[in-house]
Number of protein chains: 4
Amino acid sequence: MNNKPTARQLKKEQTKALLINTAFDIFSSQGFLNTRMSDIAKAAGVSHGTVFLHFNTQEEFIAEVVNHFCSKIALRTHELSESSSSLKELLIAHLDAITEYEAFYTRLVIESRMLSQEVRDTFIIVQSAISLHFSRVLEKNRKTSISPAVLFNMWIGLIHHYLLNGDVFAPEGSVIATYKSALTDAFVSLLA
Amino acid sequence: MNNKPTARQLKKEQTKALLINTAFDIFSSQGFLNTRMSDIAKAAGVSHGTVFLHFNTQEEFIAEVVNHFCSKIALRTHELSESSSSLKELLIAHLDAITEYEAFYTRLVIESRMLSQEVRDTFIIVQSAISLHFSRVLEKNRKTSISPAVLFNMWIGLIHHYLLNGDVFAPEGSVIATYKSALTDAFVSLLA
Amino acid sequence: MNNKPTARQLKKEQTKALLINTAFDIFSSQGFLNTRMSDIAKAAGVSHGTVFLHFNTQEEFIAEVVNHFCSKIALRTHELSESSSSLKELLIAHLDAITEYEAFYTRLVIESRMLSQEVRDTFIIVQSAISLHFSRVLEKNRKTSISPAVLFNMWIGLIHHYLLNGDVFAPEGSVIATYKSALTDAFVSLLA
Amino acid sequence: MNNKPTARQLKKEQTKALLINTAFDIFSSQGFLNTRMSDIAKAAGVSHGTVFLHFNTQEEFIAEVVNHFCSKIALRTHELSESSSSLKELLIAHLDAITEYEAFYTRLVIESRMLSQEVRDTFIIVQSAISLHFSRVLEKNRKTSISPAVLFNMWIGLIHHYLLNGDVFAPEGSVIATYKSALTDAFVSLLA
DNA sequence: AATGAATGAGCTTTCATTCAT
DNA sequence: CATGAATGAAAGCTCATTCAT
């Protein structure tokens, strides 16, 4: 009377999770707007209708997938950033967190402005995750003449610029991995 | 036998120019991918089919429009940058050039990665325009420890970040106008 | 060995009855074709699949619900009509019977032709119920020149016309209640 | 410069008319709600998309078709009714008008309550067409005790009842044709 | 007996592109 | 050269029905 429903719910949650994870892969590789609902269903090995059983609309589906993984990215960002005391350490932590989800994160950089407001808000939250730590380590820093906000946006802008143009900067392989030290070194030395 | 065709061609060129200019306005306000070919035809006062008389496909059309205005932006960037001797002057010149085409330029920042490779290449050329001057004024600068390329990308990334999130940074009005001094000051003081 | 199955069957019958009664309410308010099977399951507090355990198809389900309540309506019509000796009394009895199921009956008027043949046949049986009494009281009537069948259809047609256009004739409240005397009086005086 | 557009428009109007006429046939035989947009396109020999070129939505399409033919029916009703001086003549005229569009009219009787408000309103206008003449000839009539409105609704209700149940009353062939004299005679003699 | 997740056929609507005039 | 009607491939979403548990 109590574990049957649980088993069912479990199965349902598994399917939902499967869809979210499948979508993550597909969105990572072909983007959000170039992916049809049926693509994901097919890749997940479920029927087209099943996707709509778990998510009411395509927009809602994308929002849930983005929300799910942005939470993970934000969490991971925190984890990796926590122990960083220097700016350099923090920047590396930030890039390490992104690296774990690089393709997906890059897709968000590319498409977030074309998606729903909810997705954009969610993506901005990810940036807040690092923002807090940024402020923390920055306080110890001399160059107080420059607005921390602008400094933060400069870092974010820099990283997003590399990700957005990853195909140019690092035609194959990870842009972040390729430019990790160059970018962190440069940014740190600017503030030195 | 020689000026009749010319008259025709002239008319044709006029129509083409009309389409390009109309598209510029519409793309600036609604974006590339949210605009239907018929929207532009209607706004230009020509028939839907006429657009395809001048441009084979939607993709090609967008590419031509982007190419046309990116050339203008690049040119204008050169004009305004030429006389700049200091970094600050240059950055201001750059922003001034962008300001003249801000809505369109912003749309490129938002969507270029969703468009054809040709569009992306064209957009990158615009960035080269300022890049040259950047190198020039940077040579006089002390902070040689930092890669000029990274420095340049930092500036571009910063500006694009503000444009991309213009609706957040400056819900109404021009982001560039709003943050012009803050951004240029910050960037310059970093290199001081 | 004999009462266990009975208990089960009892439970099953209860569920079936619950579904039929729930469907009656929903069909009465939203109509047959605008109601999803899942709507009824949800309203009855049973699972979606349960409906199909008791009824093979949607069509069959509707047919059973209609059959069930049409039987009741026919029965009630008989009960109320039996004691009527005059035409006027009979018409009032008829309307009183309909009034008790007005919303549902109206839905049948509206949709019966869109439903299965079985539903239509069932609905016609309801009309037979009053038809018998109609003939009875009509025999005493003078205007024998007119076919009783046509006369009967005239009455049914009149009532159905008012029910069908109830939203126009009585935007709120019962059409039958509103027009009861007007319709019976008119019909009776025609035959006087 | 003036007749080319006209030729074009003519062709377009022809296609639209073709669609409306084709829809008339299909709606007449299989009803409104059982007909897919693509059915009509196919029957008209045009592409599926063409239907949407001429009508924005399915609902709008049905509304236009209904409007078109209801206008014709109303007009024809007027024409045939105008010269009628007696009630009998009028009723016959009314039935003659309906007969010309019987299948379509019957479909409206069956489905109008399931269609848009616009369709319903349009259908009611058709009934107004005969209503006017009804009042006219009724004035000469004695039985003033009965409300003309109820009398009119009785006639309409009677006819609609026969049409609605045409498959029962006249399994093959026209109900109206079959019952024309029976109905008109009965109705007239009631008022005698 | 009951459940409810999964299925998949079905249908509307959109829009870049074509082509006869 | 210009027109704009016609095309038809997509794609999202719905819901009756099935079936493993």
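Reminder, nothing fancy here: chain letters follow the sequence lines and each chain counts from 1.
The CD1 atom of D:Ile40 sits 12 Å away from the P atom of E:dT13 (whole-angstrom rounding). Following rounding to the nearest Å, A:Glu60 (CD) and F:dC13 (P) show an atom-to-atom distance of 10 Å. In this entry the distance linking CZ of C:Phe61 with C1' of F:dA16 reads 13 Å, nearest Å. One interatomic measurement links the two molecules: CG of D:Leu33 to P of E:dC11, which rounds to 13 Å at whole-angstrom precision. As rounded to whole Å, 12 Å separates atom C1' of E:dC19 from atom CG of B:Leu53. Protein atom NZ of C:Lys42 is 15 Å distant from nucleotide atom C1' of E:dT3, rounded to whole Å. Atoms CG (D:Leu10) and P (E:dT21) sit 13 Å apart, rounded to a whole Å. We find that CZ of D:Phe55 is positioned 13 Å from P of E:dT13, with the value rounded to whole Å.
Close placement of the A:Phe104 and A:Phe32 rings is indicated, their centers lying within 6.0 Å of each other. Between D:Tyr105 and D:Phe123, the ring centre distance stays below 6.0 Å.
Taking 4.5 Å as the limit, some side-chain heavy atom of C:Asp39 sits within range of a side-chain heavy atom of C:Gln30. At least one side-chain heavy atom of A:Ser47 sits less than 4.5 Å from a side-chain heavy atom of A:Thr50.
Contact between the side-chain N/O atoms of A:Lys12 and the OP1/OP2 oxygens of E:dA5 is found at a separation under 4.0 Å. Taking side-chain N and O atoms only, D:Thr50 has no distance below 4.0 Å to OP1 or OP2 of F:dA6. For B:Thr15 and F:dA2, the shortest distance from a side-chain N or O to OP1 or OP2 is below 4.0 Å. A:His54 has a side-chain polar atom (N or O) that falls below the 4.0 Å cut-off from OP1 or OP2 of E:dA6.
If you check F:dT17, F:dC13, F:dG8 against the side chain of D:Ser47, the one that comes closest is F:dG8. When each of F:dT17, E:dA2, E:dT7 is scored by its nearest atom to the side-chain atoms of C:His48, the top-ranked nucleotide is F:dT17. Across F:dC13, F:dT17, E:dT13, the shortest atom-to-atom separation from the side chain of C:Thr57 is found for F:dT17. Taking only side-chain atoms of A:Phe52, from C-beta outward, the nucleotide of F:dT17, F:dC13, F:dA6 with the closest atom is F:dC13. Taking only side-chain atoms of D:Gln58, from C-beta outward, the nucleotide of F:dA16, E:dA6, E:dT13 with the closest atom is E:dT13.
The base-pairing partner of F:dA10, taking Watson-Crick or G-U wobble contacts with both distances under 3.5 Å, is E:dT13. The pairing partner recorded for F:dA20 is E:dT3, the criterion being a Watson-Crick or G-U wobble arrangement whose two distances lie under 3.5 angstrom.
When each of B:Val51 and A:Thr35 is assigned the nucleotide of DNA chain F bearing its nearest heavy atom, the one mapping closer to the 5' terminus is B:Val51. Between B:Arg36 and A:Lys11, it is A:Lys11 whose nearest contact on DNA chain E lies nearer the 5' terminus.
Taking a cutoff of 4.0 Å between a charged side-chain nitrogen and a carboxylate oxygen, B:Arg113 and A:Glu111 do not qualify as a salt bridge.
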